[in-house]
Amino acid sequence: MMNHQRMMGIVLTASLAAMGLAGCGSDPAADNAGSTGASGKVVKLKFWGAVPEESGPKQAVENWNKAHPDIQVEYVRFVNDEAGNTKLETSLIAGGEVDLYVNYRMDKLVKRINANLVEPLDSYIAKDQFDIKDNFGDKAITKFNNKSYYIPAIILNDFVSINKSYLDEAKLPIPTDWTWDQYKDYAVKLTKGQGNDKRWGSFVGNLEPKIYEWMDKTVKTELGPNAFYKDAQTSNLDNPVFKSYLDTMVDMERNLKVQPPYAEAKTSKLQGTSLFLSGKTAMVWNGTAGIRSIKNTKDFPHDFVTAFAPTPKMTANSKYIGGGTGYLDFVTINANSANKEAAWKFLKWYVTEGNEPLISSGRVPAWKKVDKEKVAKLVLGDNPEKLFDVESFKRVAFADVEYVNDTQFKNLAEIQKIVDEEGERALIGEKSTSDAVGNMKKRADDILAKN
């Protein structure tokens with residue numbers, strides 16, 4: 001698998017070569033004049049995204065194409081892994097291959113901005129008087145180089161799914177606000193049985209357990225954006241919240257025995273959603289994407305109601321209570337597109353009314369003017385009360401929380417690897433949590449200081 005630096009180098013080198021062939025970019029005025037269909041020709045756009053076309057993008061594109069015969073859009077799917085992102089970045093440089101595309105991680109978007117593969121949107125926004133704050137919120141866009149390069153299409157909702165039958169059995173209410181200590185108390189009360197018949201109280205992670213990903217979401221409830229960095233040369237891993245997260249996981253797995261041990265979960269490739277829907281765990285930290293499986297009673301037969309709680313906070317006073325909830329599906333225009341004006345028209349439509357067909361697969365729009373009742377109905381499906389506690393879903397899905405937007409990504413891939421390696425040693429009992437976090441700090445600082 002190609003590492004972050006090598007991938008960046010390839011993209012940058014290829015991008016510079018492409019700009020040399022193309023005369024260092026296009027004239028925006030010429031682009032706009034030739035892309036509106038004024039000549040009578042049909043403008044054809046290629047729109048790249050990672051969501052399977054049957055999960056909404058095909059219908060969205062068909063809706064647009066029916067209403068706009070002069071601008072026809074083709075959806076091209078790429079797989080959101082390293083190989084798929086490399087394919088996208090190579091295609092961004094080739095003429096005519098990509099006009100618009102969706103970014104699924106901010107660090108990858110920043111890399112593409114630095115490689116001159118993203119068109120700034122400020123002039124388009126200003127010309128159309130498209131009010132970003134009114135449509136998406138005042139923190140929807142993080143500017144780079146004092147420019148706006150994307151508009152978020154969705155809110156990625158993180159929450160804790162809970163088997164309501166188990167809650168009722170334990171006489172516990174659906175949590176509306178809680179800390180990790182309170183979460184652990186619930187997990188203890190919801191754990192039952194032994195051996196193969198054991199029901200776990202908790203599973204943190206939707207697929208197999210991932211240490212960095214869930215630590216990152218947790219510590220940000222306390223620290224906010226750029227939680228892993230003090231500055232460009234120093235990590236923040238000596239902050240007590242990092243050890244606190246590992247201590248919580250160790251306590252649940254090895255002491256309280258209310259969550260599958262890390263080694264067992266990793267070796268068996270346990271999947272939180274499968275465990276949850278088979279009744280093997282009472283709670284799982286996941287998000288709206290997991291709702292597709294809950295609705296799929298053919299592959300995951302179950303008859304209990306799923307309730308929803310916000311993700312736990314580090315302390316009662318944690319400010320950033322989203323716990324992983326935030327803007328996503330960052331839609332951008334390729335700086336090398338020959339049809340930027342047409343691409344902007346489609347982008348503006350897609351991030352507002354256009355992405356409605358994707359809602360039923362769990363992608364809640366970031367557009368503030370969306371009909372929330374309609375969103376809930378589309379996400380949860382017909383007769384939602386049979387499978388969902390609807391009010392608790394609305395409470396977490398439409399919570400008014402301050403989303404965390406990172407802006408620092410220096411050596412992030414290496415830091416993620418360090419956290420996963422050292423964190424694993426703590427969770428399997430090879431090292432204390434203090435030693436593990438100390439090693440994270442030393443290794444991360446060494447890397448940051450060298451670059």
Side-chain angles (χ1 to χ4, degrees), residues 44-67 72-92 97-109 112 117-118 136 140 149-159 206-207 213 271-273 286-296 299-300 324-334 337 343 345-367 370 374-381 397 403:
K44 295 183 178 181
L45 301 176
K46 291 186 178 180
F47 173 45
W48 285 49
V51 177
E53 65 174 11
E54 64 272 15
S55 295
K58 180 180 179 181
Q59 186 61 55
V61 166
E62 287 180 357
N63 292 346
W64 168 271
N65 288 342
K66 286 177 184 176
Q72 294 290 286
V73 178
E74 174 190 351
Y75 182 70
V76 180
R77 193 206 172 193
F78 70 97
V79 179
N80 186 29
D81 58 13
E82 288 303 313
N85 279 284
T86 300
K87 180 180 179 181
L88 167 63
E89 287 160 348
T90 302
S91 300
L92 285 170
E97 291 299 315
V98 187
D99 294 290
L100 307 95
Y101 59 103
V102 184
N103 305 263
Y104 300 92
R105 278 177 40 176
M106 185 62 76
D107 59 319
K108 291 191 179 298
L109 172 56
R112 292 159 187 164
L117 299 175
V118 189
F136 302 96
Y149 287 93
Y150 68 92
I151 297 178
I154 72 164
I155 297 295
L156 178 69
N157 286 276
D158 269 42
F159 44 70
N206 190 26
L207 301 175
E213 180 176 344
Q271 296 190 1
T273 298
N286 55 8
T288 39
I291 289 177
R292 293 197 301 268
S293 298
I294 299 174
K295 291 191 292 186
N296 181 6
D299 294 326
F300 301 100
T325 293
Y327 295 104
L328 196 65
D329 287 18
F330 308 118
V331 188
T332 53
I333 295 173
N334 181 8
S337 170
K345 290 179 180 179
F346 176 78
L347 187 159
K348 186 172 68 170
W349 172 84
Y350 179 79
V351 297
T352 53
E353 61 188 283
N355 64 349
E356 182 177 303
L358 284 77
I359 295 174
S360 60
S361 63
R363 305 190 93 78
V364 175
W367 189 36
V370 73
K374 187 175 184 179
V375 169
K377 184 175 181 180
L378 288 170
V379 171
L380 302 181
Y403 305 135

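By convention here, the first residue in the shown sequence is residue 1.
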Enquirer: Going by side-chain hydrogen bond (donor to acceptor under 3.5 Å, both in side chains), name the residues that satisfy it together with D99, two or more places apart in sequence or in a different chain.
Expert: S337

Enquirer: For the atom pair CZ (R112) and CG (L88), what is the distance rounded to the nearest 0.5 Å?
Expert: 5.0 Å

Enquirer: Classify the angle between the aromatic ring planes of Y350 and F346 as parallel (below 30°), tilted (30 to 60°) or perpendicular (above 60°).
Expert: parallel

Enquirer: Between K295 (side chain only) and S361 (backbone N and O only), is there a donor and an acceptor less than 3.5 Å apart?
Expert: no

Enquirer: With sequence neighbours left out, write down each residue that passes side-chain hydrogen bond (donor to acceptor under 3.5 Å, both in side chains) with T288, or none if nothing qualifies.
Expert: none

Enquirer: Using the salt bridge (charged side-chain N to carboxylate O under 4.0 Å, His left out) rule, collect all pairs that involve residues 349-359, keeping only residues at least two apart or in two chains.
Expert: E356-K374

Enquirer: So, taking the atom named OH in Y149 and the one named OG1 in T332, what distance separates them when rounded to the nearest 0.5 Å?
Expert: 11.5 Å

Enquirer: Using the test side-chain hydrogen bond (donor to acceptor under 3.5 Å, both in side chains), find all partners of W367 that sit at least two apart in sequence or belong to another chain.
Expert: N135

Enquirer: Return a table of donor-acceptor pairs under 3.5 angstrom between the side chains of residues 46-58 and protein atoms on other chains or two or more places apart.
Expert:
from : atom 1 : to  : atom 2 : distance (Å)
W48  : NE1    : E97 : O      : 3.0

Enquirer: Going from OH on Y327 to CD1 on I155, what distance comes out if it is rounded to the nearest 0.5 angstrom?
Expert: 5.0 Å

Enquirer: Could you pull out all residues at least two apart from N63 that satisfy side-chain hydrogen bond (donor to acceptor under 3.5 Å, both in side chains)?
Expert: Q59

Enquirer: Taking S360 for its side chain and L378 for its backbone only, find out whether a donor-acceptor pair lies under 3.5 Å.
Expert: no

Enquirer: Please give me the minimum heavy-atom distance between Y104 and N80, naming the atom from each residue.
Expert: CB-ND2, 3.5 Å

Enquirer: Tell me, do F78 and V102 make a side-chain contact under 4.5 Å, heavy atoms counted?
Expert: no

Enquirer: So does V73 get a backbone contact from the side chain of N65, meaning a donor-acceptor N/O pair under 3.5 Å?
Expert: yes

Enquirer: Once you round to the nearest 0.5 Å, how far does CG of D158 lie from OG1 of T325?
Expert: 5.0 Å

Enquirer: Look up atom CG in N286 and atom OG1 in T273, then write down how far apart they are to the nearest 0.5 Å.
Expert: 5.0 Å

Enquirer: Does L156 form a side chain to side chain contact (heavy atoms under 4.5 Å, CB included) with Y403? I'd like the steps, not just the answer.
Expert: CA-CA 10 Å; L156 178 69; Y403 305 135; over 6 Å; no

Enquirer: Please name the pair of heavy atoms, one in F159 and one in G287, separated by the smallest distance, quoted to 0.1 Å.
Expert: CZ-C, 3.3 Å

Enquirer: Looking only at heavy atoms, what is the nearest atom pair of A140 and P152, with distance?
Expert: O-CG, 3.7 Å

Enquirer: Can you find a heavy atom in the side chain of D299 that is under 4.5 Å from one in the side chain of S293?
Expert: no

Enquirer: Is there a donor-acceptor contact under 3.5 Å linking the side chains of R363 and N355?
Expert: no

Enquirer: Say you draw a straight line from CG of L100 to CG of L45; how long is it, rounded to the nearest 0.5 Å?
Expert: 6.0 Å

Enquirer: Please give me the minimum heavy-atom distance between V118 and Y101, naming the atom from each residue.
Expert: CG2-OH, 3.1 Å

Enquirer: For the backbone of N103 and the side chain of Y150, can you confirm whether one donor and one acceptor N or O come within less than 3.5 Å of each other?
Expert: no

Enquirer: So, for F330 and M106, which heavy atoms are closest and what is the spacing to 0.1 Å?
Expert: CZ-CE, 3.7 Å

